[in-house]
Number of protein chains: 2
Amino acid sequence: MTPQPGSAGDVLTLISAGSATTRSDLARLTGLARSTISQRVDALIERGLIEETESGESTGGRPPRQLRLQTEDHAFAGVDLGATHCRIALMDISGSVLAECEDSLLIGEGPETVLAHVDQRIDHLLAQVGRPRKALRALGMGVPGPVEFATGRPNNPPIMPGWNDYPVPEYFEGVEVLVDNDVNVMALGEHRGAFPEAAHLLFVKVGTGIGCGIMAEGRLHRGAQGSAGDIGHIRVSGHDNAGCRCGNSACLEAVAGGAAIARRLTELGLPAESGGDVVELVQAGNTQALRLVREAGRLIGEVLASLVNFFNPEVIVIGGALSRVHEHLLAGIRETVYRRSLPLATNHLTITPSRTGINAATLGAGILAIEHYLSPENINRIVNA
Amino acid sequence: MTPQPGSAGDVLTLISAGSATTRSDLARLTGLARSTISQRVDALIERGLIEETESGESTGGRPPRQLRLQTEDHAFAGVDLGATHCRIALMDISGSVLAECEDSLLIGEGPETVLAHVDQRIDHLLAQVGRPRKALRALGMGVPGPVEFATGRPNNPPIMPGWNDYPVPEYFEGVEVLVDNDVNVMALGEHRGAFPEAAHLLFVKVGTGIGCGIMAEGRLHRGAQGSAGDIGHIRVSGHDNAGCRCGNSACLEAVAGGAAIARRLTELGLPAESGGDVVELVQAGNTQALRLVREAGRLIGEVLASLVNFFNPEVIVIGGALSRVHEHLLAGIRETVYRRSLPLATNHLTITPSRTGINAATLGAGILAIEHYLSPENINRIVNA
DNA sequence: GAACTTCCGCCGAAGATCGAACAAACCTCT
DNA sequence: AGAGGTTTGTTCGATCTTCGGCGGAAGTTC
């Protein structure tokens, strides 16, 4: 519902997006009178949401006072939970990372154990940067399985025993908690961090399994049941004898995932257990491993070619453990996508390795939290309180 | 940008969506004072956008005066251009069809000829229902090829010679014109007409070729180059010898489109030229034709299974010429989708023939025009003028 | 340093919204 | 039938918001 743009929340949105840095900018962009803008800005400053910095460049007259987010008083946490790790980044409201940490942590230990660990680590990070617990405004979390985003409850996650339907947000008191699938937060992190201008983006994570986060019109597409992006179980042709843990055969994940490549290397007499081992073999120059990675790229490319025709993204980002040998993976992917997709869809298509790399998930999770906090509705609520 | 909801445009949106039919409803939904609502309503009535009807049901007190869209003063046109036909529906602002017509018309005649025909037919329809030309507020059009939606110019359409980059909207003076791909308007028509509650919907058109319109969060997803939904050239496994007009082989369209089925029937000694002939053979009970249609359904289902995993829609609608034998097509599609997609995504998935049928495109095109006209920004502009 | 430009706060005027009061229209119960 | 209750819609002054002009502040240009 949108009359004229002009609430305090809208003003803050313009500032946080970098569209406006001065009162004049705001007046021009919103169409409101300068005096009205000043009043909005005063309110935001009073609430500690923005601050004035030293005067900026003059354009021939009095130099404008610059406005920016006030980065001292708040904190946000981005949590990346994997099957065997936990990464946390503490951020200020502008998205800058203040502190981070990484541990080994088995998600199979169950929610109580894992969340207690997360909680304690966040306290530790807060202490490290000297901000009180109550500075923590919101917390974003990516988990390796499907989640009902609205409630923050994992939805029959295959590799998260004990987590099914667990009300994660309720574990943390006094903080808003947003839980999402790990690939979704990675897509968000990569979009905001590297391709903010891209209207439609796919983030493909190639690790043990294969998944995909979907950004449509700058927002995450989660699908009807929150299971969108589950491309690991799309069928690829010519591999009907490759059984998958999902019960079907010829799933992409079962032929091109890190685990699948490792298994095939083992069969060839090159012991490998995980995607990490595959990466090591490739980096050591092993031609068998290299060939298999490139072949995996072709298979992933086959699936992506379909999705490019269907979804017409602007950017496809390749991330996950196997992207550490992305030159070989990307070669196969590009080769197939550009051969099998329609020219109109590939003309302006960029296929690229992740720029945010290992940090995609923590950044994305933190951004999920920050954007939730900075939503115009929430800001208006705060300012009018 | 959204402070508190409350502009005249927002009020009208609530009325046209059916969320509110009385002033009290509006006050409750917007949070504005009753007196303010009355003022908004007065303005909308004065502009001829809404009208009062006789009093409604009392709930124990004074019965409320019902409000509804004023359907007398405006007209909107929905135009469905196919390769060989032109269908037009004239609608009032509520989306009710006032009059319609259908002709044979070769799109290959070029834009001037075709648009002159459309223009003349619209005049005729307007005369038929006794509304002046100036009542025509907006015009939506679906064409059989890719379109740059923002400008209304066809983008290298393969079966529309002479139309490339032609500025369609400029042909019509004094009317807002919105041009989109035919499958997109069909998806819109089916969504609004039959599944307004579905958050994510795919409309699959199976005719001579195969295409797909995508509704995401109730809005059309057009993709970065406006080519989203082009699923006709997705590869299907096991048909590498089937060449396609696009230059690749094993395209879905080349093995499961109406033209492809007709060709295979001809090879089997059953002369068939088009999808229409295939439909006739099936309806006549020919088992070969029936078998091929069902097999085509399986192939389409294979592609849709991938897209279900990726996109996680709530509803898949099957339309187009071949959907006239939808029981056989759907059997093949359902069989494959439910076998190959993940349970989480198929649990609440509905796969159904089109309910709006032959009218999907004209309805959708008209709705495109109406929704453009009823957008809060446009209404605010009208009311404040 | 004079003239010009841009920025920003102040303040009265103009406008929008609210809410109380009242009238209208119906229901229910006696 | 009439009294009393309920919901709806309008009117009107009070209040709050926004606007826009003015003047001072703080630069640049000539």
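Here is how names work: the chains are called A, B, and so on, in the same order as the sequence lines, proteins then strands, and each is numbered from 1. The figures that follow rest on heavy atoms only: side chains count, while hydrogens, waters and symmetry mates do not.
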S.K.: If I take atom CD in residue Q66(A) and atom P in nucleotide dA26(D), what distance separates them, rounded to the nearest angstrom?
M.R.: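 About 16 Å, once rounded to whole Å.
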S.K.: Just by modelled atom types, is the N380(B) backbone N or O under 3.5 Å from a matching donor or acceptor in the N384(B) side chain?
M.R.: yes
S.K.: Between R34(B) and dT7(D), is there a side-chain N or O to OP1/OP2 distance below 4.0 Å?
M.R.: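 R34(B) to dT7(D) OP1/OP2: no side-chain N or O under 4.0 Å.
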S.K.: With distance as the sole criterion, do the side chain of R62(B) and the base of dT8(D) form a donor-acceptor contact below 3.5 Å?
M.R.: yes
S.K.: Inspect the surroundings of CZ in R153(A) and state if more than 12 heavy atoms from other residues, nucleotides or ligands are less than 6.0 Å away.
M.R.: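 Counting other residues, nucleotides and ligands, CZ of R153(A) exceeds 12 neighbours.
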S.K.: State whether a side-chain donor-acceptor pair under 3.5 Å links T356(B) with N359(B).
M.R.: no
S.K.: 5'-most contact on DNA chain C: G61(A) or T22(A), nearest heavy atom basis?
M.R.: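 Its nucleotide being nearer the 5' end, the pick is G61(A).
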S.K.: Quick check for you: to the nearest 0.5 Å, what is the distance between N184(B) atom CG and L220(B) atom CG?
M.R.: 5.0 Å
S.K.: Assess, by modelled atom type and distance only, whether the side chains of T13(A) and D10(A) contain a donor and an acceptor separated by less than 3.5 Å.
M.R.: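 Judged by distance alone, the side chains do not pair up.
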S.K.: Could you please spell out the steps behind the ring pair (Phe, Tyr, Trp, His ring centres under 6.0 Å) verdict for H221(A) and H200(B)?
M.R.: CA-CA 10 Å; H221(A) 172 82; H200(B) 312 290; 4.6 Å; yes
S.K.: Could you report the tightest heavy-atom contact between R133(B) and L126(B), atom names first, then the distance?
M.R.: CA-CD1, 3.9 Å
S.K.: Under 6.0 Å from the ring centre and within 45 degrees of the ring axis: does the NZ or CZ of R222(B) meet both conditions for the six-membered ring of F149(B)?
M.R.: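 So R222(B) does make the cation-pi contact.
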S.K.: Pull out every residue in residues 35-51 of chain B that has a heavy atom closer than 4.0 Å to any atom of DNA chain D, ordered by number, or say none.
M.R.: S35(B), S38(B)
S.K.: Specify the residue among P63(B) and P63(A) whose closest nucleotide of DNA chain D lies further upstream toward the 5′ end.
M.R.: P63(B)
S.K.: For R28(A) and dG20(D), give me the distance from atom CZ to atom P, rounded to whole Å.
M.R.: 17 Å
S.K.: dA25(D) C1' sits how many Å from R23(A) CZ, rounded?
M.R.: 13 Å
S.K.: Do D92(A) side-chain atoms and G95(A) backbone N/O form a donor-acceptor pair below 3.5 Å?
M.R.: yes
S.K.: Contact boundaries of DNA chain C with chain B (under 4.0 Å, heavy atoms), 5' to 3'?
M.R.: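 The protein-touched segment is dT17(C) to dC27(C).
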S.K.: Any side-chain N or O of S58(B) under 4.0 Å from OP1/OP2 of dT7(D)?
M.R.: no
